[in-house]
Amino acid sequence: MSWSIPLAQRVISLKPSPTLAVDAKAKALKAQGADIINLSAGEPDFDTPDHIKEAAIKAIKDGFTKYTPVAGIVELRQAIINKLKRDYNTKYALDEVVVSTGGKQGLYNCLQAIVDPGHEVIIPVPYWVSYPAMVELAGGQPVFLSSRPDENFDIDLDELASKITSKTRALILNSPSNPTGAVYSRQTLEAIAKLAVEKGFYIITDDIYDEIRFDGNGPENPVSVFPEARDHVIIANGVSKTYSMTGWRIGYLAGPQPVIKAATKIQSQSTSNPNSIAQKAAQEALAGPQDCVKEMVSAFKKRRDFIVKRLNEIKGIKCNTPQGAFYVFPDVSSYFGTSCEGFEIKGSLELADYLLEEAKVACVPGIAFGDDRFIRFSYATDESQIGEGLNRLEAALSKLS
Ligand code: PMP
Ligand code: GLU
């Protein structure tokens, strides 16, 4: 459609979220009756636990259906504070926590609050799809930092130091990572925390997968390994992944009071408080029984073991064993330059298209995360679907030459 009244510059170069786009395409094909195995979505397949749903039902019945404070109800912020004390042994005050409409909005508000045009934000590659776009929407410049797939996608600290300039405002860390599932070591977290204090920048830690770890450790953060960095760390988290609550849209930020106050001010002029009923549910999620988390994590671990083993059995695929989240990010670059019946596999985009068309398996091309050598499969789906998906994948790949 031609449209004569121009749109804002900031939206012209903005691309829609590729993860949400692939997921929507897979769901639409499925709705039309196609036999699609959807390994694209970063969304746990489990139902939200009953005790959490009950809290929401009670909230509705009690008439808890009005505006709340913009930053969220005190009881939920208190539950967040208790979690952070428990996990990171770090104390936050009520005005150092703001609840948002999903973790995504928390991250967006945070970047709007600290980034001015001309500022640089360092983002390790591969990155979650929305970080560069959010930095750009704030007028900032993403600065990409390579990571080392052979060393579990660890950060090269020398390279990081070389990227820090007077314009560096923040570094975004996501551990466990989407898309790699990698978990940074305590040494890496500590070294980064020290660098942030020395050079004066923020570390935004996207901890959305903090509880989904398979290494036996609990959540870790620069503030827990180097408490002196507290005023440099802005924690972004939420209940979407840990409690299978993606549709409820509750996330939060915790960090230095001026940043949280600024993020709250932005929220007061954009979306106001997050949904009152979902806040009550999130309070129950964080403060109530945690057995459901253990059960989900152990199911994810079983699936991880299965999918990594199976992927590495397939010719031409190399897959690391992720320590957290629910994604695998195998190297599929050995298929680049091959073709089959009109499909030319130039990179991850064509490979993902080919797999959807030929195998009816939906996955996300690595290029969306900044590294074209890989593709991402989510294993937040049941084992029989994963098994069937990988059989189809193997058959489709074997036709490429
Ligand atoms: N960070 C990462 C790395 C994610 O994968 C997601 C999932 N969408 C989010 C943040 C935001 O999650 P939500 O907005 O659903 O809380
Ligand atoms: N975070 C999920 C993913 O990476 C959901 C989609 C999104 O929010 O981008 O698939």
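Whatever order the structure lists them in is the order used to number ligands and atoms, beginning at 1. Source: prediction; values computed, not measured.
In the vicinity of Trp128, heavy-atom distances shorter than 4.0 Å reach the ligand 2 atoms 1 (N), 4 (O), 7 (C), 8 (O), 9 (O). Taking every heavy atom of Arg376 and a limit of under 4.0 angstrom, the matching atoms of ligand 2 come to 3 (C), 4 (O), 10 (O). Listed by atom number, the atoms of ligand 2 under 4.0 Å from Tyr327 heavy atoms are 2 (C), 3 (C), 4 (O). The ligand atoms of ligand 2 that sit less than 4.0 angstrom from a heavy atom of Ser17 are 9 (O).
Between Tyr127 and Asp371, the side chains place no donor N or O within less than 3.5 Å of an acceptor N or O (distance only, hydrogens not considered). Using modelled atom types and a 3.5 Å distance limit, the side chains of Gln267 and Ser272 yield no donor-acceptor pair.
Annotation: Phe300 is not in aromatic contact with Phe214 [ring centroid separation under 6.0 Å not met]. You'll find the ring centres of Phe369 and Tyr131 outside the 6.0 Å limit.
Only the side chain of Asn178 comes within 4.0 Å of ligand 2, counting heavy atoms alone; its backbone N, CA, C and O stay farther away. Only side-chain heavy atoms of Lys104 come within less than 4.0 Å of ligand 2; its backbone N, CA, C and O stay farther off.
For atom 7 (C) of ligand 2, the nearest non-hydrogen atom of the protein is Thr19 OG1, 3.4 Å. Of the protein's non-hydrogen atoms, Lys241 NZ, 3.4 Å is the one closest to atom 2 (C) of ligand 2.
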Between ligand 1 and the protein, which N/O pairs fall short of 3.5 Å?
unit_1	atom_1	unit_2	atom_2	d
ligand 1	1 (N)	Asp206	OD1	3.4
ligand 1	1 (N)	Asp206	OD2	2.5
ligand 1	5 (O)	Asn178	ND2	2.8
ligand 1	5 (O)	Tyr209	OH	2.7
ligand 1	8 (N)	Lys241	NZ	3.4
ligand 1	14 (O)	Gly103	N	3.2
ligand 1	14 (O)	Lys104	N	3.0
ligand 1	14 (O)	Arg249	NH2	2.8
ligand 1	15 (O)	Ser240	OG	2.9
ligand 1	15 (O)	Arg249	NH1	2.8
ligand 1	16 (O)	Gly103	N	2.7
ligand 1	16 (O)	Ser240	OG	2.9

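If you run ring-ring contact (aromatic ring centres under 6.0 Å, His included) between Phe326 and each of Tyr379, Phe377, Tyr209, only Tyr209 comes through.
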Donor-acceptor list for residues 8-23 side chains, cut-off 3.5 Å, not counting sequence neighbours:
unit_1	atom_1	unit_2	atom_2	d
Ser17	OG	Thr19	OG1	3.0
Ser17	OG	Leu20	N	3.3
Asp23	OD1	Asn38	ND2	2.9
Asp23	OD2	Lys27	NZ	2.8

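For the pair Lys280 and Phe64, the distance from NZ or CZ to the six-membered ring centre is under 6.0 Å and the angle to the ring normal is within 45 degrees.
Looking at Asp150, its side chain never comes within 3.5 Å of a backbone N or O of Asn152 through a donor-acceptor pair. Between the side chain of Gln290 and the main chain of Gly288, a donor-acceptor pair closer than 3.5 Å is present.
An N or O contact shorter than 3.5 Å is missing between Ser130 and ligand 2 by distance. In terms of polar-atom proximity, Gly42 is counted as a contact of ligand 2, with an N or O under 3.5 Å from an N or O of the ligand.
By the 4.5 Å heavy-atom criterion applied to side chains, Lys104 and Met134 are counted as neighbours.
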Check against salt bridge (charged side-chain N to carboxylate O under 4.0 Å, His left out), Arg186 and Glu190: CA-CA 6 Å; Arg186 285 193 196 125; Glu190 185 176 351; over 6 Å; no

